[in-house]
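The structure appears below as structure tokens.
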Amino acid sequence: MAESPRRRILAHVRLADICCVIGLALNFMWRSLEGHALRFAETAAQFQFPLNPRGFWLMGFCLLALLYLAVPHWLKRWENTLKGIVPLCGAAGTLAFATAPLQSAVPPLALGLAGLAVSGLGYFWFASRCFTLMARARSIMAIAWAIVAAVLLKTFLLPVATDLLDSEAQVVFACAIPILSSLLLWIAQLSLGVTAVFSLARPMRAGRLSLPAQRNFILLLILSAFLLATVRRLSFWGTWGETSTFSIAPLWGLPELAIMAACLAAFVWGAFARTASLPVAFRFQPAIVVVVTGLFIAAMAQPAQNVLVSTAVAIIIHVDEACAYLLFWTVVALSLDTLDIPPFRVLGIGGLIYAGSSLIWVAAGSHIADMGGALVTLAAYVGIMALMWYTYRETKISTDESGRHEDGYSPQVPNTDRGREELEDPGSITDSIAERCEVLSERYHLTHREKEVLSLLAQGRTRAYIQEELVLSVSTVKTHISHIYAKLGVHDRQGVMDLVLKKESDDSETSPRAL
């Protein structure tokens with residue numbers, strides 16, 4: 001029997017991990033250099049921006065999130081073209097922002113704002129594709145450790161780059177980052193045998209949630225995005241230009257980096273690994289409590305004259321931001337596997353909430369300085385109350401969740417009413433169903449498209465989901481399903497599942513592979 005796609009991926013996953021970690025670290029550096037490096041800060045100081053420059057960068061972030069929600073079919077169809085164009089546009093946007101005051105052919109302010117928006121779009125484009133690729137090939141814990149490695153690598157390399165490079169070289173390096181990151185992601189794709197990230201089939205390693213539980217999971221996605229936006233607003237990366245609280249150059253010697261690494265490792269182990277078997281309503285509570293606690297500290301802390309105190313505060317804020325980032329993208333990765341929502345919708349919702357909340361905080365501007373920790377404390381309490389409401393609702397429905405879909409179909413997959421997102425052996429069921437669909441497709445002479453539809457039907461996906469996932473019309477999906485039913489000799493979804501999950505002793509004899 002041919003090697004399954006998942007086993008093929010796992011056989012080359014280490015190279016992909018390294019490429020994704022380095023690419024993410026470079027992407028983080030791109031954002032930080034553009035917001036805080038000397039040459040970019042000087043450019044920002046020459047303009048009378050109506051709001052902080054980061055706000056316009058976030059507008060590009062928002063634009064891509066809206067495109068994910070509005071035209072997912074178009075983005076999916078043109079992904080292979082866009083993956084070469086968007087990085088070049090991101091590099092051009094960074095260069096436009098840095099050099100806008102030095103030219104007169106285009107109004108400098110308009111060129112600078114456009115450059116910021118394009119680079120923000122490019123940043124989210126790479127991050128969303130990178131995390132989608134990892135969510136398709138790696139476990140949630142592996143993704144969390146990859147984020148930790150990327151954050152630590154960025155934290156180590158950023159001050160080195162700013163110390164070794166002059167202002168012009170920093171601009172050149174920042175412009176090269178989106179191209180380098182995309183090249184690394186392309187290498188990761190090659191190592192996995194993947195041509196288009198957004199077209200990858202969703203692995204059925206996560207259990208299915210009922211519709212009420214999925215709505216609550218979306219609430220968790222929204223809450224994690226809001227917490228990340230709030231923490232970033234109070235971090236020293238939250239505003240750009242002269243308003244930055246801390247300088248990036250003198251921070252993060254090896255002792256501080258070691259402390260940060262230990263804190264992040266403890267966070268991943270305690271807040272993610274130790275809670276993996278808990279229901280969704282409770283699994284992320286420790287992580288949210290840690291992030292909210294750091295939020296309170298960030299709200300009240302100010303740079304101190306004492307170097308040790310100032311460094312300690314900087315480490316706490318930086319660690320809390322990394323924890324919030326871990327929480328957000330872990331929830332996104334789980335959402336990509338768990339929710340009956342196409343990947344573009346998940347990315348669009350998460351990105352729009354994060355960027356929209358961040359825009360609100362940036363627009364508040366000096367008002368936050370006037371009110372100090374009051375606004376942040378209020379935001380933290382709002383987050384806590386949302387979590388409590390979420391927990392109450394999830395607990396209330398946990399006793400009567402049936403796992404049934406809107407069309408009345410209940411897939412025979414592992415029960416997740418207890419909130420288990422990952423199985424002890426996540427590959428067994430995925431590989432078994434994938435292999436059975438392959439065998440059935442060959443035995444009953446299904447076309448390539450019918451085989452894709454059969455695989456999604458075997459996962460219990462609805463017609464609406466299949467329509468968006470495969471970029472098909474409603475009538476085409478109905479036609480494919482009708483043809484599948486006719487060829488397989490069944491009359492409904494349950495018949496398909498019975499055939500897929502049926503253990504036949506003569507598979508080796510009747511399968512076309514054996515002939």
Side-chain angles (χ1 to χ4, degrees), residues 1-2 4-6 72-73 76 135-136 198-211 213-214 335-346 401-416 421 423 426-504 507 510-513:
M1 185 174 292
S4 70
R6 191 173 190 278
H73 294 178
K76 189 173 183 179
R136 291 295 186 257
F198 292 136
S199 298
L200 284 174
R202 179 181 310 203
M204 202 178 64
R205 64 177 177 214
R208 305 295 301 284
L209 297 178
S210 67
L211 291 179
Q214 291 193 51
S335 301
L336 290 170
D337 280 352
T338 305
L339 297 178
D340 270 337
I341 301 177
F344 279 113
R345 306 293 187 190
V346 173
E401 281 184 347
S402 63
R404 296 183 65 84
H405 289 260
E406 60 188 4
D407 57 1
Y409 170 68
S410 181
Q412 300 180 32
V413 295
N415 180 18
T416 57
E421 276 74 36
L423 306 173
S428 59
I429 292 179
T430 304
D431 292 342
S432 176
I433 291 182
E435 291 166 3
R436 281 292 294 165
C437 289
E438 182 109 7
V439 169
L440 292 174
S441 297
E442 293 190 15
R443 179 182 304 169
Y444 294 100
H445 307 291
L446 301 187
T447 66
H448 176 71
R449 182 63 82 183
E450 288 170 351
K451 182 172 67 173
E452 292 179 331
V453 174
L454 174 64
S455 178
L456 293 174
L457 286 175
Q459 297 179 31
R461 303 302 182 185
T462 62
R463 290 184 179 182
Y465 177 89
I466 296 173
Q467 176 191 348
E468 292 213 28
E469 181 73 7
L470 300 181
V471 195
L472 300 172
S473 66
V474 176
S475 60
T476 303
V477 171
K478 290 181 179 179
T479 300
H480 284 314
I481 292 177
S482 298
H483 289 169
I484 291 171
Y485 287 172
K487 290 181 179 181
L488 269 58
V490 299
H491 303 287
D492 52 25
R493 289 171 178 263
Q494 190 58 53
V496 172
M497 285 305 302
D498 290 342
L499 193 58
V500 169
L501 298 178
K502 185 178 180 181
K503 299 295 183 181
E504 297 186 75
D507 268 357
T510 59
S511 173
R513 298 173 184 271

Just verifying a value: how many Å separate [X] [atom1] and [Y] [atom2], rounded to the nearest 0.5 Å?
| X | Y | atom1 | atom2 | result |
| --- | --- | --- | --- | --- |
| Phe198 | Arg136 | CZ | CZ | 10.0 Å |
| His483 | Lys478 | NE2 | NZ | 14.0 Å |
| Ile484 | Leu499 | CD1 | CG | 11.5 Å |

Ion pair check, Glu450 and Lys487, cut-off under 4.0 Å: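 A salt bridge is present here (some side-chain N lies under 4.0 Å from a carboxylate O).
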
Compare every heavy atom of [Y] with every heavy atom of [X], then report the nearest pair and how far apart it is.
| X | Y | answer |
| --- | --- | --- |
| Cys437 | Ser455 | SG-CA, 3.9 Å |
| Ser441 | Leu454 | OG-CD2, 3.8 Å |
| Ser335 | Val346 | CB-CG1, 3.6 Å |
| Tyr485 | Val496 | CE2-CG2, 3.5 Å |
| Ala135 | Leu336 | CB-CD1, 3.7 Å |

With side-chain contact (heavy atoms from CB on, under 4.5 Å) as the test, would you mind laying out the steps for Tyr444 and Lys451 before giving the verdict? CA-CA 10 Å; Tyr444 294 100; Lys451 182 172 67 173; over 6 Å; no

Where do Ile481 and Leu457 land on the side-chain contact (heavy atoms from CB on, under 4.5 Å) test, with the steps shown first? CA-CA 9 Å; Ile481 292 177; Leu457 286 175; 4.2 Å; yes

Applying side-chain contact (heavy atoms from CB on, under 4.5 Å) to Leu446 and Leu488, what does each step give before you reach the verdict? CA-CA 9 Å; Leu446 301 187; Leu488 269 58; 4.0 Å; yes

